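Notes follow once the structure below has been shown.
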Protein chains: 2
Amino acid sequence: MKRITIRDVAKQANVSIGTASRVINGAPNVEAAYRTRVLAAIKTLGFVPNRAAQEVRKGRSREIGIIVRDITTPVLASFVRAAQDLFEEAGYGLLICSSDNRKDRELELLRRFRQRRIEGLITTTSSEVDTDLAQARNDLDFPVLMFDREVDGAHDIVQVDHASGVNQAVTYLLSLGHRRILLSTGPLNIYPARARVEGYKRAFAAQRLDVDPALVRTAGFDAATGFRETAVALERANRPSAIIAGGIDMLPGVLKAIRATHLHVPRDISVIGGADSDLALLAEPAISVLRWNFTEIGATCARMLLERIEAADTEPRRLAFAPELVVRDSCAAVVIAPAQKRESRQK
Amino acid sequence: MKRITIRDVAKQANVSIGTASRVINGAPNVEAAYRTRVLAAIKTLGFVPNRAAQEVRKGRSREIGIIVRDITTPVLASFVRAAQDLFEEAGYGLLICSSDNRKDRELELLRRFRQRRIEGLITTTSSEVDTDLAQARNDLDFPVLMFDREVDGAHDIVQVDHASGVNQAVTYLLSLGHRRILLSTGPLNIYPARARVEGYKRAFAAQRLDVDPALVRTAGFDAATGFRETAVALERANRPSAIIAGGIDMLPGVLKAIRATHLHVPRDISVIGGADSDLALLAEPAISVLRWNFTEIGATCARMLLERIEAADTEPRRLAFAPELVVRDSCAAVVIAPAQKRESRQK
DNA sequence: ATGAAAGCGCTAACAG
DNA sequence: CTGTTAGCGCTTTCAT
């Protein structure tokens with residue numbers, strides 16, 4: 001089965017290759033009779049232009065890359081979808097990849113994107129301090145928009161204001177009388193974890209309360225870590241009275257661990273989720289969460305990157321979106337004297 | 001910023017373009033001294049071969065395409081990941097796209113894949129009977145593996161045995177005394193919906209019971225439809241005593257609708273989910289589900305497609321995987337006399 | 001083992 | 001408006 005090329009089309013339509021090409025690319029200056037003949041030839045032969053050849057010749061790919069940690073996370077999907085809509089409208093295709101938060105995979109994806117000569121990249125990174133990754137990013141000859149990270153280099157940056165989010169959550173819990181609040185989040189070499197810890201400390205400081213460093217855990221963002229951290233914390237004699245899931249998809253892990261201890265939410269333990277989800281909404285009781293408008297954020301990223309592609313040498317920009325605390329039924333007021341807490345469990 | 005090409009590398013290393021190319025492609029017959037010089041040049045110049053040019057010249061893309069309805073669905077993500085692992089190992093890249101179950105988008109994706117000259121495709125389809133889609137699929141000049149669909153054409157087919165799954169679910173519910181069982185699933189122009197309905201009827205027939213056609217709903221697979229169908233059904237005087245979510249991600253919608261009516265699971269209404277999820281596991285009570293090994297299925301699809309690429313003219317094959325009913329706490333035995341049911345609601 | 005040169009499928013510049 | 005032709009970046013003969 002021989003591949004049909006533009007040459008076959010030209011021959012079939014009895015025109016030159018150039019004319020065939022013009023028709024394919026919708027050039028205006030083609031006589032109607034020729035155009036119809038070429039179109040007919042395309043149809044009968046079932047010709048589809050070879051994209052790779054077009055890219056080589058045109059010297060540009062009209063593709064944008066995007067790297068997320070895990071496309072499965074529904075909020076990230078809405079982020080990607082919003083960005084995709086804008087890119088398609090602007091004539092760009094979108095290559096979507098998951099890094100699984102692994103350095104080797106991230107490097108591999110950057111390499112492939114270079115090979116593909118993409119014209120822009122929206123990405124997070126598994127580490128802000130890793131020199132290999134920083135090197136690989138700086139070797140890129142297309143603009144990079146950093147999402148929710150804090151890195152050196154001339155990148156545009158769009159972030160979620162996690163400090164504000166966790167600050168709202170902790171302030172709320174403190175007002176309910178909670179003092180032992182577990183924050184489980186990712187490693188401090190990544191901005192969202194640092195910001196959450198900062199927001200946590202700020203909220204305590206505002207009330208002139210001390211932070212128990214043992215309650216600030218930075219082991220990882222994923223659900224499995226959420227499970228482990230929660231399980232360990234709940235087994236301790238002086239267990240926390242509230243937990244903040246400091247990651248976008250940690251909530252399942254946290255809830256599984258709580259379930260395993262037979263503690264009751266919110267009577268025995270209050271919970272605030274790191275992002276909204278069906279699970280948070282449908283859990284019994286419904287879980288209070290920090291929520292962002294990911295669709296808006298995705299659209300903004302796309303817009304900024306498109307502008308950057310147009311104007312490569314303007315100043316890098318930086319933007320932050322503040323989350324909103326959605327109060328549902330997963331946080332209860334707590335008796336102030338710590339000794340009482342154990343009793344309330346019996347009730 | 002000038003793009004560096006293999007020509008620059010050759011010049012820098014003082015070798016011919018051919019030699020540079022041989023080094024880049026790891027050809028064995030290059031003298032060590034030349035090789036090191038080329039490698040050094042590549043490094044200092046930061047050269048990365050242009051993938052599009054390679055594809056044009058080699059006449060093949062070494063890419064596989066995959067179209068799923070919605071990559072967000074976690075089970076589909078594990079399906080894709082398993083397939084991806086095998087493809088990468090075999091030297092193929094994977095282009096992952098969501099069709100959103102929309103015909104226009106599906107056609108557009110097929111068109112793009114043709115332009116990209118992919119060498120194989122794993123896909124579902126939004127309609128098995130649509131002639132445009134069938135036409136577009138048959139115009140493809142690379143092998144297509146149909147996932148969970150029933151279409152004409154010389155495609156390999158891998159399916160989930162939904163008939164068996166729903167049959168298990170209904171048989172189980174009948175054994176608990178349920179008679180009014182709502183099955184909410186997708187339109188009958190798609191295999192998984194047809195198969196589920198068939199499994200439903202078979203289970204009733206096996207007990208010599210009649211099916212109430214009003215309880216077999218085929219409006220759609222998505223969560224929003226699950227919500228609507230459930231809400232409507234629960235408002236009727238003679239409401240069902242059990243609901244089967246006949247779709248991979250319908251459960252959130254079903255549960256939301258139940259929540260809105262203040263009915264209690266499983267006392268007032270029993271529920272079986274169409275696929276396993278964190279939500280099913282963590283809901284209160286935990287939801288019984290039909291479960292498949294999506295990782296295994298994804299790997300199988302990849303393997304079959306790779307074999308098909310090797311041997312284009314062997315007989316198309318067909319495979320089905322049976323789901324397993326995972327019993328949790330969302331189904332209760334029901335009092336047989338229908339009149340009693342309303343009372344139990346007050347209790 | 002290496003270099004020169006042809007050419008993959010296509011677009012665009014040029015001449016007519 | 002159309003045809004001819006150079007050449008995008010690369011791989012792969014074909015000589016040497």
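Chain letters run A, B, ... following the sequence lines, proteins first, then strands; residues in each count from 1. Everything numeric in this text was worked out from a predicted model, so none of it was measured.
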May I ask you to decide if [Y]'s main-chain N or O and [X]'s side chain share a donor-acceptor pair within less than 3.5 Å?
X	Y	answer
A:Glu63	A:Arg116	no
B:Glu128	B:Tyr191	yes
B:Thr44	B:Ala40	yes
A:Asp8	A:Thr5	yes

Rounded off to whole Å, could you give me the [atom1]-to-[atom2] distance for the [X] and [N] pair?
X	N	atom1	atom2	result
A:Ile24	C:dT11	CD1	P	6 Å
B:Arg117	C:dC8	CZ	C1'	12 Å
A:Asn29	C:dA15	CG	P	17 Å
A:Arg60	D:dG9	CZ	P	15 Å
A:Lys11	D:dT2	NZ	P	20 Å
A:Asn14	D:dG3	CG	P	9 Å
A:Lys58	C:dC10	NZ	C1'	9 Å
B:Asp8	D:dC8	CG	P	11 Å

Salt-bridged, [X] to [Y], with N to O below 4.0 Å?
X	Y	result
A:Arg111	A:Glu108	yes
B:Glu31	B:Arg22	no
A:Arg117	A:Asp141	no

Where the side chain of [X] is defined as all heavy atoms beyond and including C-beta, which of [options] is the nearest nucleotide?
X	options	answer
A:Arg57	D:dC10, C:dG9, C:dG3	C:dG9
A:Arg22	D:dT11, D:dT2, C:dG9	D:dT2
A:Glu31	C:dT11, C:dG9, D:dC1	D:dC1
A:Phe47	D:dC10, C:dC10, C:dC8	C:dC10
B:Ser21	D:dT2, C:dG3, D:dT12	D:dT12
A:Val30	C:dC8, D:dC10, D:dT2	D:dT2
A:Val15	C:dC10, D:dG3, D:dC10	D:dG3
A:Pro49	D:dT4, C:dC10, D:dC1	C:dC10

Just N and O in the side chain of [X]: are any of them under 4.0 Å from OP1 or OP2 of [N]?
X	N	value
A:Gln54	C:dT11	yes
A:Thr5	C:dG9	no
A:Asn25	C:dT11	yes

> Counting only heavy atoms not in A:Asn29, do more than 12 fall under 6.0 Å of its CG?
Replying inline: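 Count over threshold, so yes.
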> Hey, does B:Gly18 reach any base, or is it just sugar-phosphate, or nothing, if we go heavy atoms under 4.0 Å?
Replying inline: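 The answer is base, as B:Gly18 lies within the cut-off (heavy atoms under 4.0 Å) of a base atom.
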> Using a cut-off of 4.0 Å on non-hydrogen atoms, how would the nucleic acid contact of B:Ile17 be classed: base, sugar-phosphate, or nothing?
Replying inline: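 Touches a base.
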> Using the C1' atoms of five pairs at each end, what's the angle between the two axes of the helix from C:dA1-D:dT16 to C:dG16-D:dC1, to 10 degrees?
Replying inline: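 Roughly 40°, once rounded to the nearest ten degrees.
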>> Heavy-atom nearest nucleotide on DNA chain C for B:Ala53 versus B:Ser16: which residue maps closer to 5'?
In response: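 Its nucleotide being nearer the 5' end, the pick is B:Ser16.
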